[in-house]
Structures are given as structure tokens and as C-alpha cells.
Number of protein chains: 2
Amino acid sequence: MVNSRIRADRAGATAAEWAVARGAAPLTQSLPEQIAAQLSERIVTGAYAPGQRIMEQAVAAEFAVSRGPVREALRLLERDGLVTILPRRGAQITNLSSAEVKEIFDIRAVLNGLRDRQLAEDPDRLRLLPALEAEVAKLARFARQPELGEAYVETVFALNRLLTQASRNRRLRMILDSLALQTLRYSKLGLSTPQRRRQSVQHWQKLVKAIRDGDGAAAERVAQQRVLDSRDAAIRQLEAHPAGASAQEGKARRAA
Amino acid sequence: MVNSRIRADRAGATAAEWAVARGAAPLTQSLPEQIAAQLSERIVTGAYAPGQRIMEQAVAAEFAVSRGPVREALRLLERDGLVTILPRRGAQITNLSSAEVKEIFDIRAVLNGLRDRQLAEDPDRLRLLPALEAEVAKLARFARQPELGEAYVETVFALNRLLTQASRNRRLRMILDSLALQTLRYSKLGLSTPQRRRQSVQHWQKLVKAIRDGDGAAAERVAQQRVLDSRDAAIRQLEAHPAGASAQEGKARRAA
DNA sequence: GTCAAGAAGATTGTTGACAATATTACAAAA
DNA sequence: TTTTGTAATATTGTCAACAATCTTCTTGAC
């Protein structure tokens with residue numbers, strides 16, 4: 001709980017941890033950005049439960065700053081969709097209904113399609129292939145295991161990061177990062193059965209092939225299908241176990 | 001310049017003007033939101049030139065509030081991509097390079113495709129058709145005139161708003177609104193020749209037909225093509241007249 | 001005349017206090 | 001026991017002042 005090293009060294013050694021893929025960030029992160037990054041970490045890892053309210057005072061006290069920077073940090077998190085701010089009612093961790101999760105996956109499907117099509121049509125795409133193939137190979141190994149391990153999930157995320165960061169379209173990178181962050185915890189749900197994992201690996205292999213061949217249309221098709229399959233699997237899990245993604249649910253209050 | 005009615009009545013009569021399509025806004029707009037809406041208006045109408053710096057003090061004085069709410073307003077505008085905030089250097093009106101304009105149009109193409117495909121596949125879509133057809137008819141009339149009139153441009157925007165607001169996907173609506181706002185001034189560029197306008201009308205007619213027929217694939221195809229054509233025309237204009245979209249350019253300073 | 005260094009001014013970043021509003025706890029009545 | 005009104009508390013919204021940093025202007029040397 002003692003996280004008040006922030007004031008000591010603002011551009012400290014752990015800055016890299018916090019840099020959650022914000023496009024072209026300045027070298028020195030501002031105080032609100034640092035606070036936002038820390039809170040962001042807690043939200044996506046589930047330390048804060050969906051629906052939970054975040055009090056400015058508590059956060060300010062913990063980081064040993066005044067409420068001003070905390071307020072701005074919350075606005076940054078709102079931009080990323082991680083918290084929802086209501087006037088006179090403060091910020092609370094965004095709680096996505098299964099309908100909203102579906103909406104986000106729908107958007108991710110077409111945007112991932114755009115990203116991968118443009119990547120496949122990029123003359124300079126060969127630079128990426130080795131890293132891409134290495135990750136997919138790892139994925140294929142992990143997929144043989146009967147249980148869903150953390151390594152598998154991590155590799156899938158790494159693949160997505162790799163592709164998104166390679167996109168030449170800055171705004172696309174930002175939107176995709178934001179949407180990926182919002183659905184992070186739900187994405188795992190889509191990989192829970194061995195069958196889904198085998199299918200996922202096949203999709204990735206096809207995608208790498210399409211990129212290697214410079215076949216933009218194929219890359220787009222595969223990318224879209226992959227996200228849509230992931231969407232359906234996640235939604236199925238979500239509706240089977242309504243409280244699925246989060247540790248606690250709903251009325252959780254008072255984190256201080 | 002006397003815009004300080006803000007403090008008098010927060011939910012006043014002009015609230016509708018300010019409500020620039022923010023998804024499911026609470027009935028009472030907060031002070032930062034009101035300030036952001038006013039500034040947003042000025043930015044998209046060109047009252048503030050791209051690249052121009054916005055001083056917190058000046059805005060605060062004009063609206064008769066302290067710098068706190070102004071700061072939050074600027075963060076809101078940053079979220080919408082209308083201003084760019086640099087640490088210790090404040091906010092300035094976002095100045096899009098032609099490459100960035102192209103990037104945004106690329107994203108709009110696939111997202112408009114998604115929007116219109118889902119609309120065409122919506123069982124309840126018939127409710128929309130009359131309004132849609134009326135607007136397209138207006139468009140066809142205006143397109144016969146040799147000059148690009150304000151009425152034509154307005155109708156195109158109205159059509160887009162109509163479709164976006166009809167989408168059932170809230171997050172898609174928000175992203176599309178934001179992107180449309182950012183490229184508002186550039187969109188006009190894509191309609192400057194009579195030939196382009198005739199082509200545009202044809203696209204809209206095809207789109208309405210696809211929606212009426214419930215042909216999602218066709219709707220998606222037409223929507224994408226329409227945006228891409230608009231993109232190419234806008235980029236051509238932009239590179240022909242580099243200072244094209246904005247009244248003034250570049251180093252403009254000191255608005256107070 | 002051009003460039004560099006330093007000082008003066010302007011602007012953003014942060015803070016703590018106060019005001020306005022929302023939430024909770026409690027008591028009284030149905 | 002449940003509901004409703006009211007008081008107490010907690011929380012957000014706003015402000016004005018101060019600190020840190022950046023910009024601009026002036027001065028001087030080459």
C-alpha cells in the first residue's frame with residue numbers, strides 16, 4: 001500500500017512499467033499521468049472491483065498529493081474508459097455489461113482488421129515477421145497443455161501488442177490500446193476451453209501467413225474472425241457465470 | 001466576446017447547442033463540460049486557428065471562473081482530439097498533418113462500415129428510412145447547383161449524424177462523433193468539385209437502398225467506399241492548398 | 001549584424017481552504 | 001417491520017495563492 005515514492009523521483013526507474021502504451025508520451029511523465037498509470041494497473045489487475053467508487057481524498061492521501069492531480073488522473077482514466085465519472089458523484093470503476101463487452105469486441109474486430117490489412121500491405125513488414133513467428137510458435141507449444149496457463153494468455157496479449165505497436169496509424173494505435181485495456185479481463189474468458197485455444201492458434205498462424213504473403217484482404221478477414229470468435233466465447237462465459245470476470249461484484253465500497 | 005452567461009444558468013436555454021453528441025449526457029451539464037462545449041464550438045468553426053495556444057488564464061477570465069474548471073475542460077477537449085496538451089506547455093489547437101487526416105479517414109471508413117452494416121441488419125431499421133430518404137432527396141437537389149453551398153455540406157453532416165445516432169453501439173457512437181468532430185473542417189474539402197458531389201449522392205442513394213433491403217454487406221461496402229473517396233478528395237485538396245482548411249495557419253498567438 | 005547569456009515576465013502545476021451537494025444514519029410514524 | 005423525513009457526515013466542485021518552469025526581452029560580446 002505504500003506507493004508514495006511518486007513524489008521522490010517522477011521519472012524514476014519504474015516509469016517503464018507505467019507506460020501503458022500511450023502514444024508518443026513525453027519523456028517526463030506528469031504527476032497526473034503517473035497516478036493514472038498506477039490506478040490503471042490496479043483496475044486491470046482487478047485490485048479495484050468493477051462498480052467500486054474511487055474517492056479523491058483517499059487516492060490523494062495515499063500518493064501524498066493534493067486532490068487536484070488526482071482529479072486530472074481520473075479524467076485520464078475516464079478517457080481510457082476505465083472509470084466512469086458522474087457529476088457530483090465522483091468516479092467509479094467502469095462496470096461493463098455483457099452487451100457493452102460485445103460492443104467493444106465488435107469495434108475491435110473491424111479495427112484489428114484494418115490494422116492487420118495495412119500491416120500486410122506494408123512494404124516494410126518483413127522486419128516484424130521473425131518476432132511474430134516466434135510468438136506464434138510459443139503459442140502453439142502452450143496450446144497443447146490442457147489447462148489455460150498465464151503464459152498462454154500473456155503470449156496472446158504480447159502478439160496483439162506487437163501488431164498494434166507496429167501500426168503506422170497513431171490514432172488507430174491509441175484507440176486499439178484503449179479498447180484492449182478495457183476488455184483485458186474479458187479477453188481471458190474467450191480462451192478458457194482447449195478447443196478455443198487450438199482454433200485461436202490456427203487463426204494466428206493464418207494471420208502470419210497472410211502478412212508474409214502480403215495478402216491484405218486475407219489478413220483483414222482472419223483478424224476480424226479471430227476477434228469475433230473471441231467475442232462469442234467471452235460472451236458465452238460471461239452469461240454462464242455472470243460475475244465471471246471480476247473478483248467481487250457490484251456494491252463493493254470503501255477502499256480506504 | 002461576452003460569453004459569461006455560463007455562471008447565471010447552467011442548464012439554460014442554449015444547452016442544446018452545446019450538447020455536441022456526448023453519449024448519454026446527464027441532464028445537468030457540469031461547468032467544465034459547458035466550457036469545453038463552447039470552446040469546441042469555436043475550434044470546429046475556425047474561430048481558433050490550428051496550432052494556436054489556449055491560455056488557461058484568458059479562458060478563465062472570459063468565462064468568469066477560476067482556472068480549475070478550465071483545466072478540466074481542456075482535458076475533455078484533449079479526449080476529443082481537438083486540443084493537444086503538452087506538459088508544462090499547456091494546450092494548443094490540434095493541427096493535423098495531411099498524413100494524420102488520412103489516418104483518421106481510414107479509421108472512419110471501417111467504423112462507418114460497421115455502423116451501416118449493423119444498421120442494415122437491424123430489424124427495427126425501417127423507422128429510420130423516411131428521414132434518411134428525405135435527407136438524400138435534399139442532397140440530390142442541392143447537388144445540381146454548380147457551387148458548393150452551405151446547405152449541401154449541412155445535409156451531408158446531418159445524414160452522418162442521423163446514422164451515427166441511430167447506432168445501437170454506444171461506444172461506436174462516441175468514437176465516430178469524436179472522429180467526425182476532428183475532421184469536420186477537412187470533410188468539406190472532399191466535396192469541392194461538382195463531380196465529387198454527384199458521386200457522393202450516388203453513394204448515399206446506394207446506401208439507403210442497401211439499408212432498405214437489409215443488405216448488410218452492401219451497406220458496409222458502400223459506406224467504406226464513400227469515406228475513402230472523401231478521404232482521397234480531401235487529401236488532394238489539402239496537398240494542393242497546404243493552408244486549405246483553416247483560416248489562419250501556424251504561428252498564430254495571443255487570442256486574449 | 002548575429003549570437004549567447006541572463007534577467008524579467010508570463011504560464012502552467014500544485015496546494016489547502018471553503019462552498020455546494022450527495023450520502024448515510026437515525027428517529028418517528030404508519 | 002417498513003417507510004419517510006430530517007440531521008449529520010462525507011464527498012465533490014470551485015477558488016485564490018504560491019511554486020516551478022518556460023518564454024521573451026534585453027544586454028553584451030564577437
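Quick note on labels: first sequence line is chain A, next is B, and so on, each numbered from 1.
- Between the CG atom of B:Leu86 and the P atom of C:dT12 there is a distance of 12 Å, given to the nearest Å.
- Applying the side chain to side chain donor-acceptor pair (under 3.5 Å) rule to A:Lys102 yields the partners A:Asp106; only residues at least two apart in sequence or on another chain are considered.
- Between A:Arg75 and A:Glu72 no salt bridge is recorded (no basic side-chain N to carboxylate O distance below 4.0 Å).
- Here the options are B:Leu163, B:Asn169, B:Thr164, the test is side-chain contact (heavy atoms from CB on, under 4.5 Å), and the partner is B:Ser167; only B:Asn169 passes.
- Picking from C:dT15, D:dC15, C:dT11 the nucleotide with the shortest atom distance to the side chain of B:Pro69 gives D:dC15.
- For B:Arg88 against D:dT21, no side-chain N or O and base N or O form a donor-acceptor pair under 3.5 Å.
- When rounded to the nearest whole Å, the span between CG of A:Leu31 and C1' of C:dG13 equals 9 Å.
- For B:Glu72 and C:dT12, the CD to P distance is 16 Å, given to the nearest whole Å.
- One N or O donor and one acceptor, one from the side chain of B:Arg67 and one from the base of C:dG13, sit under 3.5 Å apart.
- Across the protein-nucleic acid pair, B:Glu56 atom CD and C:dT14 atom C1' stand 12 Å apart, rounded to whole Å.
- Take the nearest nucleotide of DNA chain C for A:Arg89 and for A:Gly68: the residue whose nucleotide is more 5' is A:Gly68.
- At a threshold of 4.0 Å, the pair B:Arg170-A:Glu103 does not count as salt-bridged, since none of the basic side-chain nitrogens sits closer than that to a carboxylate oxygen.
- Applying the side-chain contact (heavy atoms from CB on, under 4.5 Å) criterion to A:Thr45, with sequence neighbours excluded, gives A:Glu41, A:Ala47.
- In this structure, B:Arg53 places its CZ atom 7 Å from P of C:dT11, rounding to the nearest Å.
- Within 4.0 Å (heavy atoms only), B:Ile85 reaches no atom of the nucleic acid at all.
- Using a 4.0 Å heavy-atom distance criterion, A:Gly90 is classed as a sugar-phosphate-only contact.
- Atom C1' of nucleotide C:dT12 and atom CZ of B:Arg75 are separated by 11 Å, given to the nearest angstrom.
- Using a 4.0 Å heavy-atom distance criterion, B:Arg71 is classed as a base contact.
- We find that CD of A:Gln57 is positioned 12 Å from C1' of C:dT15, with the value rounded to whole Å.
- B:Leu74 places its CG atom 10 Å from the P atom of C:dG13, with the value rounded to the nearest Å.
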